[in-house]
Amino acid sequence: MASSGAISAARVADLERQLAVAEAARTSAEAARAEAESRLATSEEARARLERMIAQLRRDKFGATSEKSDPDQQHLPFEDVEVAEGRLAEASDAAAKATGNEKTAARTSRRNKGHLPPHLERVEQVIEPDSILCPCGCGEMVKVGEDRSERLDVIPARFRVLVTVRPKYVCRSCDGASHVQAPAPEWLVPRGLPTEALVAHTMVSKFGDYLPFYRQADIYRRQGIDLDRSMLANWSGRAAQLLDPIIDHMITSLKRSGHLQMDETTVPVLAPGTGTVRKDYLWAILRDQRGWGGTDPPVVVFHHSRSRSGKVARDLLKGFAGGTLMVDGHTGYDSLADPKQTARPWDIAYCWTHWRRRFVKFGQDTPSPICEEMVARIAQLYAVEKEIRGKAPDARKAARQTLSKPIVDALRPWLEARLQELPSASDLARHIRYGLKRWDGLTRFLSDGRLEMDTNGVENAIRPIPLTRKNALFAGSDDGAETWARIASLIGTCRLNGVHPDAYIAATLRKILDQHMTRDIEDLMPWTFAE
């Protein structure tokens, strides 16, 4: 019996050892499975991130550059349909006239509503009847009224030749010893072809409408005028040299401002001697006080640089009065608020549109209730901004403290709670941390009615630059890029002030040639120009 008991105990011990081994194996398998699931989750997150990156790259390459839909883009698919409708309308009109039902033809015709602008030249065409004799033999009929209709006409770019005549006068009594003649006016190009208006048109076409000189030369050639592209460039260079003091004064005016916006974009510049194109940067600094009724006129100034580093930003803002600078989240701006790196540190305010854009783009690829809620809450802030635009700074601040501050105060704890629910390595968590890290700068607008919520103003000023990247090389050298930046500053400031840049540049060149620069240069600024 003792032997049987010993065998049973040994058997139990063996079974216990097997059970322990099995438990260890199961624990090891569960740990391996948990590790595999963790790796799978990481892999899935990485895959989703790559898919979002690919989708974003496709949108950046082929899609709209703004998360806001462009109404004009929505109309594009219907333009061909509307052309077809026009053909049908014309056929219907012809059929109605053939059947004598002209009233039906009038109803089928589409007409633009409203009147044409009064400043346009009116050329009257009076169409008299073949005869105004009364059919009854009473003689000529009397005019008692008339019908007038206006249609919009166009004359393609029309060139003309200005002939300057300076008569000479002599005194016959003095045997020609006394004579008089008006002095020759100063011309932009000595003994050259262009007037100031032609040079202004060429410059605005190049630097404002992004039409390269060779394309302009082709347009002129269709008019029978052969102007070489190098000649057009030479004229523009001469004009740019004369306009330099105007642009310098604009920069001086900008330096006195305490609330500015700043942004930058890439531009392709030819690297001399290499035959390759280098990616440089065009920086924009904007003053626009129209949102809060400020008295200083709007100004935008562009600068070319080789990089987008913080040192470039600090160099560009040397000599400025300092104050508050509205920027995006680029780290190159951080040094502007550091007293150790900047003599006059700026208060940095960050752009809500850039933060919002992150959630919009993420939600386009991965539907997320967090993104939808975030975009909705920011929309509430912009609804307040819409109501207070143009009001005095104190009124804007009061409205923001009453209406916007509660929304912002509730937003931060909500985001921090969502952050606890997300994997720390996820893109959505990174987008949330982007704003929380910059919270002081994002909320600075609440306590200053002179601030906007975003950098949309400077983005709108800089947005046309990518058109140049599509149409042609931006510049062939550093000097060319700097000239481009300065002339674009002048044209951009004209547009901000509602001034026609062609008319302004032509008139200003004429004043400079007539020695107006010796008087008050403020009279030559775009914001003082009256067409």
Side-chain angles (χ1 to χ4, degrees), residues 65-66 199-212 236-237 239-257 259-267 269 280-291 294 296-305 313 316-317 320 325-328 351 452 454-472 474-475 480-509 521-522 524-529 531:
T65 57
S66 171
V199 175
H201 177 73
T202 300
M203 293 179 71
V204 174
S205 297
K206 164 73 171 178
F207 302 107
D209 299 329
Y210 315 107
L211 192 64
S236 296
Q241 181 68 21
L242 290 179
L243 293 169
D244 267 350
I246 306 289
I247 302 166
D248 290 338
H249 190 74
M250 283 170 41
I251 297 174
T252 301
S253 174
L254 195 64
K255 287 183 176 181
R256 296 193 294 264
S257 305
H259 289 74
L260 302 174
Q261 295 184 18
M262 195 171 185
D263 196 11
E264 80 288 331
T265 188
T266 59
V267 290
V269 176
D280 287 4
Y281 292 86
L282 195 71
W283 297 71
I285 306 174
L286 172 79
R287 176 184 72 199
D288 191 349
Q289 302 177 355
R290 291 174 294 180
D296 291 337
V299 179
V300 62
V301 173
F302 296 98
H303 295 277
H304 163 257
S305 73
L316 293 179
L317 293 175
F320 279 69
L325 186 68
M326 173 71 72
V327 297
D328 57 26
C351 173
E452 301 294 343
D454 50 48
T455 59
N456 287 355
V458 70
E459 281 195 6
N460 290 335
I462 210 171
R463 184 169 288 121
I465 299 301
L467 292 176
T468 301
R469 296 201 292 259
K470 296 179 180 179
N471 290 348
F474 181 79
E482 186 58 32
T483 298
W484 189 305
R486 291 176 67 82
I487 298 302
S489 302
L490 194 60
I491 295 174
T493 301
C494 284
R495 288 172 171 168
L496 287 173
N497 288 275
V499 171
H500 196 305
D502 295 64
Y504 166 76
I505 292 178
T508 302
L509 287 174
I521 194 173
E522 183 68 24
L524 299 181
M525 292 297 105
W527 49 82
T528 63
F529 178 70
E531 296 185 41

Walk me through whether Leu524 and His249 qualify under side-chain contact (heavy atoms from CB on, under 4.5 Å). CA-CA 10 Å; Leu524 299 181; His249 190 74; over 6 Å; no

Please determine whether side-chain contact (heavy atoms from CB on, under 4.5 Å) holds for the pair Ile246 and Tyr504, giving the CA-CA distance in whole Å, both sets of side-chain angles, and the decisive distance to 0.1 Å. CA-CA 12 Å; Ile246 306 289; Tyr504 166 76; 3.4 Å; yes

Apply salt bridge (charged side-chain N to carboxylate O under 4.0 Å, His left out) to Lys255 and Asp248, showing your working. CA-CA 11 Å; Lys255 287 183 176 181; Asp248 290 338; over 6 Å; no

List the steps and the verdict of side-chain contact (heavy atoms from CB on, under 4.5 Å) for Trp527 and Leu496. CA-CA 9 Å; Trp527 49 82; Leu496 287 173; over 6 Å; no

Take Val458 and Met326 through the test side-chain contact (heavy atoms from CB on, under 4.5 Å) and record every step on the way to the result. CA-CA 9 Å; Val458 70; Met326 173 71 72; over 6 Å; no

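A distance of 11.5 Å separates CD1 in Ile521 from OG in Ser253, rounded to the nearest 0.5 Å. To the nearest 0.5 Å, atom CD of residue Gln289 and atom NE2 of residue His259 are 9.0 Å apart. Interatomic distance, Arg486 CZ to His304 NE2, rounded to the nearest 0.5 Å: 14.0 Å. Once rounded to the nearest 0.5 Å, the distance linking CG of Leu242 with CD1 of Ile505 reads 12.0 Å. Separation of atoms CG (Leu490) and CZ (Arg495) is listed at 11.0 Å; rounding is to 0.5 Å. With rounding to the nearest 0.5 angstrom, the CD atom of Glu264 is 13.0 Å from the CG atom of Asp280.
Taking all atoms of both residues into account, the shortest heavy-atom contact from Ile285 to Phe320 is CD1-CZ, 4.2 Å. Scanning both residues, Phe529 and Ala503, for their nearest heavy atoms gives CZ-O, 3.7 Å. Closest non-hydrogen pair, Ile491 versus Val204, comes out as CD1-CA, 3.9 Å. Across every non-hydrogen atom of Gly291 and Glu452, the tightest pair is CA-OE2, 3.5 Å. Pro212 approaches Lys206 most closely through the heavy-atom pair CA-CD, 4.3 Å.
Without hydrogens or angle criteria, Thr493 side chain to Val300 main chain gives a donor-acceptor distance under 3.5 Å. Counting only distance, with no hydrogens or angles, the side chain of Gln261 and the backbone of Leu286 share no donor-acceptor pair below 3.5 Å. A side-chain donor-acceptor contact under 3.5 Å links Ser489 to the backbone of Phe302. In this structure, Asp209 contributes its side chain and Leu211 its backbone to no donor-acceptor pair below 3.5 Å.
Under the side chain to side chain contact (heavy atoms under 4.5 Å, CB included) test applied with Pro526, the options Pro297, Pro298, Cys494 reduce to a single match, Cys494.
A heavy-atom distance below 4.5 Å is found between the side chains of Met262 and Leu316. Val267 is not listed as a side-chain neighbour of Tyr281, based on a closest heavy-atom distance of 4.5 Å or more.
Aromatic ring pairs are classed by plane angle as parallel below 30°, tilted from 30° to 60° and perpendicular above 60°; the pair Phe207 and Trp484 is perpendicular.
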